[in-house]
Amino acid sequence: MTTTVRAVHVTAPSGPPELVEVPLRAPAPGTVRITVEACGVCHSDLLVSAGLMPGTTFPVTPGHEIAGRIDALGDGVSGWQVGDRVAVGWFGGSCGRCDACRSGDAIHCPEMQIPGAAYPGGYADSVIVPVEALAAVPDGLTAAEAAPLACAGVTVFNALRHTSARPGDTVAILGLGGLGHLGVQFAHAMGFRTVAIARGAEKEPLAHQLGADHYIDSTATDVAKALQALGGAKVVLATITQADAMSATIDGLGRRGELVIVGVSPDPLTVNPLQLLNGDRTVRAHSSGTAVDTQDTLRFAAQSGVRAWIEEVPLEQTPAAVEKMASGKARFRMVVTTGR
């Protein structure tokens, strides 16, 4: 019987990932053990590796885009069986007691758990997670396809479906990276008139391949004027990390248009009240989703054909995968696989 499994350890803040052997643990009550088949490599994993998330203790095993199969149930777990295909994303559990949890807004639970920070994450052969973190994976998706949808996918899908946009409305996706390439696909699949905004004419064929009806090269034209020429955007989904580029889209919003931010930036937006009052525009953020949101994302992707563009590497090559992601050279999501 196997008594150890492989896991990637980061032993000090922002230290190098190292593959080690760790004991195979039994799940505690209310948790399940998952045989990890695939785990996406997300930019937010760098925050965990740097020790910037509350409650982080070293060594850490990053990874919060997890897909695999349940191999053991803790006491008190019902509704799930050994062998079930599951995914776990940024939402790795919550208290279930606070106002946020009780009102169906557990993504804002003060005690929300993030895999990698609250407990060892998915850069490993095995992971133990709270049962409330589980999302069922449909048969139409492989583990490698499901993994990045558990964070990047749910972030853009959930953000789009909680806007006021309806099929036929103009929805612009700002950025064509790890989040943006999924945002364009989801927007197209939801029936929106989809506009992709990125830097450089060379990205236009990619935008149309992903499903965009229109492409705006932000280096060659005024983005707001280009959006107004299309009638104004009902929604701009900002997937990038440049606050100035987000700000440049605000005047391109139509009546009661929304700038919805999912890209992380510490820099201030440039906006004045008159810009927002002109058309009753809104600027807001949207943060990921809970396990049921991830499950909805996976189901929609399986039915619609939305897929992350991924590059798979074996677990032992995790350091190279992290480096490629961090350098911006991934096209578009790195996924480590265990061969299990």
Side-chain angles (χ1 to χ4, degrees), residues 8 17 37-47 49 62-67 87 89-90 122-123 141-157 159-160 172-189 194-220 237-242 245 262-265 288 297-298 301-302 304-338:
V8 171
E37 297 173 332
C39 185
V41 179
C42 180
H43 200 272
S44 298
D45 291 334
L46 298 180
L47 301 178
S49 297
H64 61 267
E65 296 184 345
I66 305 164
W90 182 257
Y123 293 2
L141 296 175
T142 67
E145 290 171 337
L149 294 175
C151 180
V154 67
T155 295
V156 294
F157 173 77
L160 286 170
I173 308 300
L174 179 59
L176 281 178
L179 291 175
H181 89 288
L182 283 167
V184 171
Q185 292 183 72
F186 277 121
H188 174 75
T194 304
V195 182
I197 306 170
R199 295 175 57 85
E202 71 278 1
K203 294 180 181 177
E204 182 169 2
L206 168 64
H208 291 304
Q209 184 180 354
L210 292 168
D213 300 294
H214 301 276
Y215 178 73
I216 298 174
D217 175 4
S218 63
T219 66
L237 181 68
T239 69
I240 60 173
T241 58
Q242 291 78 34
V262 295
V264 178
S265 173
S288 193
T297 303
L298 296 170
S304 65
V306 172
R307 297 291 187 275
W309 289 18
I310 62 175
E311 181 178 342
E312 298 180 45
V313 298
L315 182 64
E316 54 268 27
Q317 293 181 21
T318 298
V322 172
E323 171 60 28
K324 191 167 186 178
M325 176 275 298
S327 67
K329 296 178 181 178
R331 187 179 169 101
F332 286 94
R333 307 295 294 191
M334 301 301 296
V335 177
V336 296
T337 56
T338 64

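Every value quoted in this text rests on a predicted model; they were computed, and no experiment measured them. Each residue takes its place number in the sequence, starting with 1.
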Which pairs would a plain distance check flag for residues 319-331, meaning a side-chain donor or acceptor within less than 3.5 Å of a matching protein atom at least two apart in sequence or in another chain?
residue: K324; atom: NZ; partner: E311; partner atom: OE1; Å: 2.7
residue: K324; atom: NZ; partner: E311; partner atom: OE2; Å: 3.2
residue: S327; atom: OG; partner: E323; partner atom: O; Å: 3.2
residue: S327; atom: OG; partner: K324; partner atom: O; Å: 3.0

Practice task
Name all residues meeting the salt bridge (charged side-chain N to carboxylate O under 4.0 Å, His left out) criterion together with E37; count only those two or more places apart in sequence or in a different chain, and write none if there are none.
Solution key: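 Salt bridge (charged side-chain N to carboxylate O under 4.0 Å, His left out) list for E37, sorted by chain: R69.
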
Problem - Over all atoms of both residues, closest heavy-atom pair of Q185 and V306 - result: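 Here Q185 and V306 meet closest at OE1-CA, 3.7 Å.
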
Handout entry: Distance-minimising heavy-atom pair for L176 and A196
Key =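 It is CD2-CB, 4.2 Å.
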
Handout entry: T239 and its side-chain contact (heavy atoms from CB on, under 4.5 Å) partner, picked from I173, I197, T155
Key =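 Testing T239 for a side-chain contact (heavy atoms from CB on, under 4.5 Å) against I173, I197, T155 leaves exactly one candidate, I173.
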
Problem - Atom of A159, atom of L237 and distance for their closest heavy-atom approach - result: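 Closest approach of A159 to L237, heavy atoms only: CB-CD1, 3.8 Å.
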
Problem - Counterpart residues, side-chain contact (heavy atoms from CB on, under 4.5 Å), relative to A144 (two or more places apart) - result: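 Partners of A144 under the side-chain contact (heavy atoms from CB on, under 4.5 Å) test: A38, T142, I310, E312, V335.
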
Problem - salt bridge (charged side-chain N to carboxylate O under 4.0 Å, His left out) involving E316 - partner list, sequence neighbours excluded - result: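 E316: salt bridge (charged side-chain N to carboxylate O under 4.0 Å, His left out) contacts with R6.
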
Handout entry: Under the side-chain contact (heavy atoms from CB on, under 4.5 Å) test, residues paired with T241 that sit two or more places apart
Key =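 For T241 there are no side-chain contact (heavy atoms from CB on, under 4.5 Å) partners, ignoring immediate neighbours.
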
Practice task
List for me each residue that meets side-chain contact (heavy atoms from CB on, under 4.5 Å) alongside A238, sequence neighbours excluded, and say none if there are none.
Solution key: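 Partners of A238 by the side-chain contact (heavy atoms from CB on, under 4.5 Å) criterion, ordered by chain and then number, come out as L174, M246, L259, I261.
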
Mind listing the side-chain donor-acceptor pairs of residues 209-216 below 3.5 Å, one per line with the distance, residues two or more places apart or on another chain?
residue: D213; atom: OD2; partner: T194; partner atom: N; Å: 2.8
residue: Y215; atom: OH; partner: A198; partner atom: O; Å: 3.4
residue: Y215; atom: OH; partner: G200; partner atom: O; Å: 2.6

Exercise for the section: Please examine the side chains of W90 and S44, heavy atoms only from C-beta on, and report whether any two atoms are closer than 4.5 Å. Expected result: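 SC-SC contact between S44 and W90 confirmed.
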
Practice task
List the steps and the verdict of side chain to side chain contact (heavy atoms under 4.5 Å, CB included) for M334 and V313.
Solution key: CA-CA 8 Å; M334 301 301 296; V313 298; 4.0 Å; yes

Problem - Separation of C39 SG from H64 NE2 (nearest 0.5 Å) - result: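 Rounded to the nearest 0.5 Å, the NE2-SG separation comes out at 8.0 Å.
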
Handout entry: Which atom of A87 lies closest to which atom of L298, heavy atoms considered
Key =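 Between these two residues, the closest heavy atoms are CB-CD1, 4.0 Å.
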
Exercise for the section: Can you tell me which residue pairs pass the salt bridge (Lys or Arg N to Asp or Glu O under 4.0 Å) test with a partner in residues 174-188, sequence neighbours excluded? Expected result: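 Salt bridge (Lys or Arg N to Asp or Glu O under 4.0 Å) check on residues 174-188 returns no pairs.
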
Problem - Partners passing ring pair (Phe, Tyr, Trp, His ring centres under 6.0 Å) against F332 (at least two apart in sequence or in another chain) - result: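 Once residues adjacent in sequence are excluded, the partners of F332 under the ring pair (Phe, Tyr, Trp, His ring centres under 6.0 Å) criterion are H181, W309.
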
Exercise for the section: Over all heavy atoms of both residues, which pair between D45 and G63 is shortest? Give the atoms and the distance, please. Expected result: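 That closest heavy-atom pairing would be OD1-N, 3.5 Å.
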
Handout entry: side-chain contact (heavy atoms from CB on, under 4.5 Å) involving A152 - partner list, sequence neighbours excluded
Key =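 Partners of A152 by the side-chain contact (heavy atoms from CB on, under 4.5 Å) criterion, ordered by chain and then number, come out as E65, L179, L182, R333.
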
Exercise for the section: Identify the two heavy atoms, one from P17 and one from V8, that lie closest to each other, and give their separation to 0.1 Å. Expected result: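 Nearest pair, atom of P17 first, then V8: CB-CG1, 3.5 Å.
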
Practice task
Take the angle between the ring planes of F157 and F186 and call it parallel below 30°, perpendicular above 60°, tilted in between.
Solution key: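 Ring orientation of F157 relative to F186: tilted.
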
